There are 2 protein chains.
Amino acid sequence: MADAGARFHQLYETLRTRICLLDYPPGTQLSETVLAEEFGTSRTPLRRVLARLEDEGLLRSVHGVGTMVTDVDVHEMAQTYALRMELAQLAGMLDPVPVTPEVRAVLDALIARGDGLFAQPDPRHFAQLNLDYFRFGLSLTANQPLRDMSERLYIRTARIWLKSIPRMDLSDEIAVFRDEMAQTRRALAAGDTQAAALIRRAHISLSYARLSQT
Amino acid sequence: MADAGARFHQLYETLRTRICLLDYPPGTQLSETVLAEEFGTSRTPLRRVLARLEDEGLLRSVHGVGTMVTDVDVHEMAQTYALRMELAQLAGMLDPVPVTPEVRAVLDALIARGDGLFAQPDPRHFAQLNLDYFRFGLSLTANQPLRDMSERLYIRTARIWLKSIPRMDLSDEIAVFRDEMAQTRRALAAGDTQAAALIRRAHISLSYARLSQT
DNA sequence: ATCTGCCAAGATGTATACAACGCGCGGGAT
DNA sequence: ATCCCGCGCGTTGTATACATCTTGGCAGAT
């Protein structure tokens, strides 16, 4: 049978993806019982997953009431983006990894997906590509704590960003995103990880500015 | 009866303190059953606490083997300190809080404890004061995500630092610590939060240098 | 009609019995 | 003497029954 830890991880990522991709929008009430039935398990292991999601701030459980998907207020959003900017820059300074052809190949694959997305815009695919590109940026540093914390922060606010996409212009956002990837490719072609990090920082800042206009 | 969340939090802090203060040194094997009996509860709520400690990297549970207190290797230690230095500096730049007389009073109380510690050195009290002073430093920024992540990183390595204290000179370390607090007080007397953060960054760097010499 | 009190339903939190798993000891074959 | 198989014990993981809590609606008094 499959390893228990692997099963836990799969359950965790499944639920986290549903939250981040707005299958469960903020305010949605989840039922431990129905989720346990859906995944063919009992409440106990499921609660282990929900507990972790609650520790990460994505859920909130109240005794006798239910488990709700949390929302993020503008204040927390501003603080998180301010911190994410700094961490993005740090990713280019702390324990940078050498830019190998394999690294550039990964980025090229992401750019190709961006081209496909540009031809056929879709918010959900955009969100997925954005996450994958974010993780690629983290792969440029070998500092594991920095990677963990950055991803944690990203996950916490990604769904709010995705929720605001309809209010903005999807095609414009995709175009800006492709520009960022193209700039990053030029920086990595020169082997300049720090420049790539600064590009990322600038785009996080601009992204937040566009976000807060809505 | 006391709130369930409060009881959870108390259990969590109790166990975390025991781990950080080396009541449970790295490698110690914990038993869910005996811990549950000690706290007069069943395994279920206790496992909820252990799960969180495991997510934070302080414990590691293996099916059929046991739950062990984790150790931290030198590589992770270096990465964590490198990141902590940067975050300490950020605490003086992101969302700084005004330096009120109340803030200075809190620091004066910490300094007084430092004087008492100097007169009567004790590793355990030193560790506790160090944690409280660390949290005081975090109180100088209103950026909650930054505070959460910084504390998480600190907790993860504090016990390793404490474990190395016997190999260093306790009185010297306490003297250096008092110097840092005195410097910080001067910076805060001038209302310069950023200077206080830079002092903190410098001392984290020096502390790690002394630490890695052993 | 409105307000009040109570209860029933459904939610999460807890306790407990059982399953799955790994390690180590011990006996027997070689 | 040595190696190997097997089983027993303790551990964590899972399932389930029960306790506790909150909310909403209904019935009755005013």
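Owing to the predicted nature of the structure, the values given are computational and were not obtained by experimental measurement. We name chains A, B, ... by the order of the sequence lines, and we start the count at 1 in each one.
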Rounded to whole Å, please give me the gap between [atom1] in [X] and [atom2] in [N].
X: Leu46(B); N: dG13(D); atom1: CG; atom2: P; value: 12 Å
X: Glu54(A); N: dA11(C); atom1: CD; atom2: C1'; value: 14 Å
X: Arg47(A); N: dG13(D); atom1: CZ; atom2: P; value: 16 Å
X: Leu50(A); N: dT14(D); atom1: CG; atom2: C1'; value: 15 Å
X: Gln29(A); N: dA9(C); atom1: CD; atom2: C1'; value: 13 Å
X: Arg43(A); N: dA19(D); atom1: CZ; atom2: P; value: 15 Å
X: Glu32(B); N: dA15(C); atom1: CD; atom2: C1'; value: 14 Å
X: Leu53(B); N: dT12(D); atom1: CG; atom2: P; value: 14 Å

His63(B) side chain: which of dT14(C), dT12(D), dA15(D) is closest?
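The answer is dT12(D).
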If you measure only the distance, is there a donor-acceptor pair under 3.5 Å linking the side chains of Thr184(A) and Tyr133(A)?
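A pair is found: one side chain offers a donor N or O, the other an acceptor, under 3.5 Å apart.
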Considering only heavy atoms and no angle criterion, is a donor-acceptor pair shorter than 3.5 Å present between the side chain of Thr44(B) and the base of dT16(C)?
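For Thr44(B), whose side chain was compared with the base of dT16(C), there is a donor-acceptor pair (under 3.5 Å).
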Is it the case that dG13(D) (base atoms only) and Arg7(A) (side chain only) share a donor and an acceptor within less than 3.5 Å, ignoring hydrogens and angles?
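There is none.
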Check the phosphate of dT12(D) against Thr67(B), side-chain N and O only, distance under 4.0 Å to OP1 or OP2. Yes or no?
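True: Thr67(B) side-chain N/O within range (under 4.0 Å) of dT12(D) OP1/OP2.
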Would you indicate, yes or no, if dT11(D) has its OP1 or OP2 atom less than 4.0 angstrom from a side-chain nitrogen or oxygen of Ser61(B)?
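Negative; the distance criterion is not met.
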Test item: His203(B) and Val176(B) side chains (from C-beta on) under 4.5 Å apart, heavy atoms:
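The answer is yes, as the side chains (C-beta and beyond) meet within the 4.5 Å cut-off.
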With nearest nucleotide decided by heavy atoms, which residue, Val65(A) or Ser31(B), maps closer to the 5′ end of DNA chain D?
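Per heavy-atom nearest nucleotide, the more 5' residue is Ser31(B).
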Of Gly64(B) and Gly64(A), whose closest DNA chain D nucleotide lies nearer the 5' terminus?
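Here Gly64(B) is the residue nearer the 5' end.
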Base, sugar-phosphate, or nothing: which does Thr33(B) touch, judged by heavy atoms less than 4.0 Å apart?
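Thr33(B): no heavy atom of the nucleic acid under 4.0 Å.
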Name the nucleic acid region contacted by Leu30(B), choosing base, sugar-phosphate or nothing; use a 4.0 angstrom heavy-atom cut-off, strictly under.
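Touches sugar-phosphate only.
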For Arg113(A), run the side-chain contact (heavy atoms from CB on, under 4.5 Å) check against Gln128(A), His125(A), Met181(A) and tell me which one passes.
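Answer after filtering Gln128(A), His125(A), Met181(A): Gln128(A).
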Would you check if the side chain of Ser164(A) reaches a backbone N or O of Ile160(A) as a donor-acceptor pair within less than 3.5 Å?
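At least one qualifying donor-acceptor pair exists.
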If you count the non-hydrogen atoms of other residues, nucleotides and ligands that lie under 6.0 Å from CD in Glu13(B), is the total more than 12?
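Correct, the count exceeds 12.
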